[in-house]
Amino acid sequence: MSLHKLRLAAAVPVTISTFSSRLFLKPFPNTLTLGLFSRRLQPRKPLLVRAFSASAAVQDIPATQTSESSARPQWKASIDFKWIRDNKEAVEINIKNRNSNANLDAVLELYENMLNLQKEVERLREERNNVAKKMKGKLESSERERLVEEGKNLKESLVTLEEDLVKLKDELQHVAQSIPNMTHPDVPVGGEDSSAIRKEVGCPREFNFPIKDHLQLGKDLDLIDFDSAAEVSGSKFFYLKNEAVLLEMALLNWTLSQVMKKGYTPLTTPEIVRSSIVEKCGFQPRGDNTQVYSIDGTDQCLIGTAEIPLGGIHMDSILLESALPLKYIAFSHCFRTEAGAAGAATKGLYRVHQFSKAEMFVICRPEDSEFFHHELIQIEEDLFTSLGLHFKTLDMATADLGAPAYRKFDIEAWMPGFGRFGEISSASNCTDYQSRRLGIRYRPSEPLQTGPKKGKANLPATKFVHTLNATACAVPRMMVCLLENYQQEDGSVVIPEPLRPFMGGIELIKPKLK
Amino acid sequence: MSLHKLRLAAAVPLTISTFSSRLFLKPFPNTLTLGLFSRRLQQHKPLLVRAFSASATVQDIPATQTTVSSARPQWKASIDFKWIRDNKEAVEINIKNRNSNANLDVVLELYENMVNLQKEVERLREERNNVAKKMKGKLEPSERERLVEEGKSLKESLVSMEEDLVKLKDELQHVAQSIPNMTHPDVPVGGEDSSAIRKEVGCPREFHFQIKDHLQLGKDLDLIDFDSAAEVSGSKFFYLKNEAVLLEMALLNWTLSQVMKKGYTPLTTPEIVRSSIVEKCGFQPRGDNTQVYSIDGTDQCLIGTAEIPLGGIHMDSILLESALPLKYIAFSHCFRTEAGAAGAATKGLYRVHQFSKAEMFVICRPEDSEFFHHELIQIEEDLFTSLGLHFKTLDMATADLGAPAYRKFDIEAWMPGFGRFGEISSASNCTDYQSRRLGIRYRPSEPLQTGPKKGKANLPATKFVHTLNATACAVPRMMVCLLENNQQEDGSVVIPEPLRPFMGGIELIKPKLK
């Protein structure tokens, strides 16, 4: 209380001590906080100016937020800071294992500061209320004078403290958002080489003739036109032609029909989305090395995967437990800048700017996500087995996981033209990483037996859902596999049996007569 | 020759008369030309400066072109200016009929200026050659001195004239590109009301129950989700769900299979293209009211129709006559800003930012384009008749034609929810409007009997192909028709018979049990 008074007194004289005395009152690590403030808030007004006109500052808050919007986060992840603080050793090890550059110390310090500041704000509010209460009675005019003055001071202090709190929370968000998801205990620790083979199916086909790669087959069979697309659009774009168009449609139709049998709801999605949705799903829509195409003059961008509009479909909502799991299979086109991509694996259809994909997405209760992760990888394995591919499933090592994934299974299939395995799908359990950003919760049907917290009206408290995503069919990479693996000595390509009914019974892609 | 000398003499003294004397020599309408120059060439260097350092200017030409490139057209249409001049009355009437703001007078004046300047440049070149030839012989030193001086002057004049010629050609391009295509003699002259009904099929279905519009049906049957898309992407985006996804795929698959039977080659296309291709197809990729989404930080944009990548696929090439006609049916997603669109017809799926479409495109000999225009409209009519739609085909009136179209047939189908007809397809014969911009020519197989021009090596001269485009299936508008026309009293929707085999035999979209 006395410390508090000191602060207030210092606030009025409007000297540089205003700020430093406030820092003294709360146990801020000055240098860190100041450093972070100045790094993020470029258009920041000097604190002294704000202290000058406290009531004006109140009015100004929305305007200030707008003008500083480039620095402020547009949305907030519901990060469980308390859990992070209570499990900091595990989080620290996880950050290290995943080769993340997240700064846990900064997060924890900012969090402590934020808590202290919050307490301080609450205490001030209470004090202001007390002053207001006192003023309701009969008072000496000098006493009333004093209380008016005290109330005014309290209000001014509160305004600046609340502003600081907003900034501190923004800063905490900014720093904490780079903390990756935790990792499933079974995930191998290490780099790509440490990834564990979960399953291997088939063996590489033996060719008794010189094989062609898919680019050559695509040219000879008049299936793929990269040259025209390079003129019309740029490199790494392509036209599909003739049977390749039917093959794409067959792959998608067959995949959809197979996955729908497992209870997945088919969707098509918007391919232009707000950048914030991209961020909330854990992708970076901006920056020099972004994979994301942005639309000129808007805050929208093109999706790199249907995972993004799938994640967004239930954004900011509370689902009924009885509605879970929600299982989707979505068809979309995907667009990627492929900035920084280079090397042999960028040849032909393997790495392109635009492609068709069927993507699975599951929203479920936390206790069910491991089950659905296995369901998803099983569906993928079944699909690729039906198509006769030779592939292996990998439990990806910690350093190879994106920030959202708790665990990720990749499938790599044999590509004879490259003479190696190439990734054709990926199945990730993101647990609550995305749902905490997208604001997707559910309300348990039954009151929880343990846990003291209850929502209003005696409803059980909401919980964050878990989200999972998995590639069902990334068309160009499937084409690489199918064309290269099913080529015949005469230059034709056999269509796998399951796809034939979906392409009018075509069994063979034959060289065209010219 | 004497006039010519006068000009050269005037060029050397480097006074303001340099330019005006040149204007005098060639019958330029000074004010006009100067006005146009100054309007377009903001960065243009004063002519006197260029005259000062003629040789430096020669070196500078590429650099100059680069710096002025924002004002310069990036590509040139092979516009037949001679034909326009020789048919100016017809062109003028056509411009008026089509409600175009093209300025024919300016085009013709610029063209005359350009022709004159070109002649002048050629004459100067010849003269310079003559001087060079004279200097090869034995000469008095004073005579040689005089010739050196003359050659130098000639060279300097030539350099600035050639630069002027480049600018004049750019200007001519800029102004002439807004001249619309000529119009088929049968096209009705006038506004939209003047469009002639070519054919009418079916009649509006009589409903003996309260009908729903497609939005209501889409909601009740859990087929379309605009609300989530508004959050994730913005208004006028949507998710398709459940049977609607299958219906989209069925529509596209069925359409492709039907159109392929007519000898059309299926394609998928890039959906990101260079802006220049959009322009060459006759669309405006920039400006406040553009329909085109641009990609941030590149010269690329999203296609509004597959017509654009289809037009681009044979850009800048000479086709064999035996390869014609080239008939394509392409599937793509289309993206439109719909800037400025408003009114009742913007409801639901009728006008959206992103949709799937199958588009036909024909490249043929000029003498065949009318035939293929009728083939295209016939295919459309057959498709929509098979689906049981009530529609009419319109021969669109002159004021309703876009600049590229020589003639355009629209099909409007009955949409019970709107209680009116709505456009579901469009078939345009663009004759050589697009091919002159895209540079698509063919070389006739047989030498022409008439016509004196022959290409080198006795090959017949190349000619511009004709291009035609026509909607085979714009999915959302088809959905409007199918949902609204085929709804039943119990809220279900009957799937037209031809589509059933393409959606796993589904005959009816029933309300879901919840």
Side-chain angles (χ1 to χ4, degrees), chain A residues 222 225 228-229 231-234 237-246 248-250 252-253 256-257 260 265-274 277 293-298 300-303 308-317 328-333 335 337 353-354 356 502 504, chain B residues 222 225 228-229 231-234 237-246 248-250 252-253 256-257 260 265-274 277 293-298 300-303 308-317 328-333 335 337 353-354 356 502 504:
Chain A
D222 200 13
D225 184 351
S228 299
E231 296 298 318
V232 169
S233 304
F237 284 97
F238 61 96
Y239 294 81
L240 291 183
K241 219 172 154 183
N242 294 311
E243 290 92 340
V245 176
L246 307 184
E248 163 161 332
M249 292 217 151
L252 293 167
N253 274 307
L256 247 67
S257 72
M260 281 168 63
T265 302
L267 285 178
T268 66
T269 76
E271 288 156 15
I272 294 177
V273 298
R274 300 183 204 277
I277 316 289
Y293 284 106
S294 285
I295 304 290
D296 197 23
T298 74
Q300 295 165 312
C301 50
L302 296 177
I303 61 168
I308 294 163
L310 284 165
I313 199 167
H314 295 291
M315 182 171 65
D316 297 328
S317 62
Y328 293 117
I329 168 89
F331 163 60
S332 83
H333 290 178
F335 303 88
T337 65
H353 290 305
Q354 176 196 325
S356 298
F502 293 87
Chain B
D222 200 13
D225 184 351
S228 299
E231 295 298 318
V232 169
S233 303
F237 284 96
F238 61 97
Y239 294 81
L240 292 183
K241 218 170 154 183
N242 294 310
E243 290 92 340
V245 175
L246 306 184
E248 163 161 333
M249 293 216 152
L252 294 167
N253 274 309
L256 247 68
S257 72
M260 281 168 64
T265 301
L267 285 178
T268 66
T269 76
E271 289 157 13
I272 294 177
V273 300
R274 301 184 202 277
I277 316 288
Y293 284 106
S294 286
I295 303 289
D296 197 24
T298 73
Q300 294 165 313
C301 49
L302 295 177
I303 62 170
I308 294 162
L310 284 165
I313 199 166
H314 294 291
M315 181 172 65
D316 297 328
S317 62
Y328 294 115
I329 168 91
F331 163 59
S332 82
H333 290 178
F335 302 88
T337 66
H353 289 306
Q354 174 195 326
S356 297
F502 293 86

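Lettering follows sequence order; numbering is per chain, from 1. Values below: all heavy atoms of this structure, side chains included; hydrogens, waters and symmetry mates excluded.
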Measure [X] against the heavy atoms of chain A and call it side chain, backbone, both or neither at under 4.5 Å.
{"X": "Ile329(B)", "value": "neither"}
{"X": "Phe502(B)", "value": "neither"}
{"X": "Leu246(B)", "value": "side chain"}
{"X": "Asp316(B)", "value": "neither"}
{"X": "Leu267(B)", "value": "both"}

Kindly say whether Pro309(B) contributes a backbone atom to a donor-acceptor pair with the side chain of Tyr239(A) at under 3.5 angstrom?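 Judged by distance alone, yes, a pair lies under 3.5 Å.
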Answer yes or no: is there a donor N or O on one side and an acceptor on the other, between the side chain of Ser233(B) and the main chain of Ile272(A), under 3.5 Å?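 Answer holds: yes.
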To the nearest 0.5 Å, how far apart are [atom1] in [X] and [atom2] in [Y]?
{"X": "Ser257(B)", "Y": "Met249(A)", "atom1": "OG", "atom2": "CE", "value": "10.0 Å"}
{"X": "Lys241(B)", "Y": "Tyr328(A)", "atom1": "NZ", "atom2": "OH", "value": "4.5 Å"}
{"X": "Asn253(A)", "Y": "Leu252(B)", "atom1": "CG", "atom2": "CG", "value": "9.5 Å"}
{"X": "Thr265(B)", "Y": "Glu243(A)", "atom1": "OG1", "atom2": "CD", "value": "10.0 Å"}
{"X": "Arg274(B)", "Y": "Phe237(A)", "atom1": "CZ", "atom2": "CZ", "value": "9.0 Å"}
{"X": "Thr269(A)", "Y": "Gln354(B)", "atom1": "OG1", "atom2": "CD", "value": "6.5 Å"}

[X] vs [Y] side-chain heavy atoms within contact, under 4.5 Å:
{"X": "Asn242(B)", "Y": "Pro266(A)", "value": "yes"}
{"X": "Val245(A)", "Y": "Leu256(B)", "value": "yes"}
{"X": "Ile295(A)", "Y": "Leu302(B)", "value": "yes"}
{"X": "Glu231(A)", "Y": "Ile313(B)", "value": "no"}

Looking at Glu271(B), Met315(B), His353(B), which makes the most heavy-atom pairs under 4.5 Å with chain A?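 When all of Glu271(B), Met315(B), His353(B) are compared, Glu271(B) has the most.
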With chain A as the partner, which of Ala244(B), Ser294(B), Gly311(B) has the greatest number of non-hydrogen pairs under 4.5 Å?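 Option with the greatest count: Ser294(B).
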Hey, which of Gly312(A), Ala330(A), Pro270(A) has the most heavy atom pairs under 4.5 Å with chain B?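 Answer, by heavy-atom pair count under 4.5 Å with chain B: Pro270(A).
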Can you tell me which of Thr268(A), Ile303(A), Val273(A), Ile308(A) forms the most heavy-atom pairs within a distance under 4.5 Å of chain B?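 Going by pairs under 4.5 Å, I would pick Thr268(A).
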Taking the six-membered ring for Trp, are Phe331(B) and His333(A) parallel (under 30°), tilted (30 to 60°) or perpendicular (over 60°)?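 Perpendicular, since the angle between the ring planes exceeds 60°.
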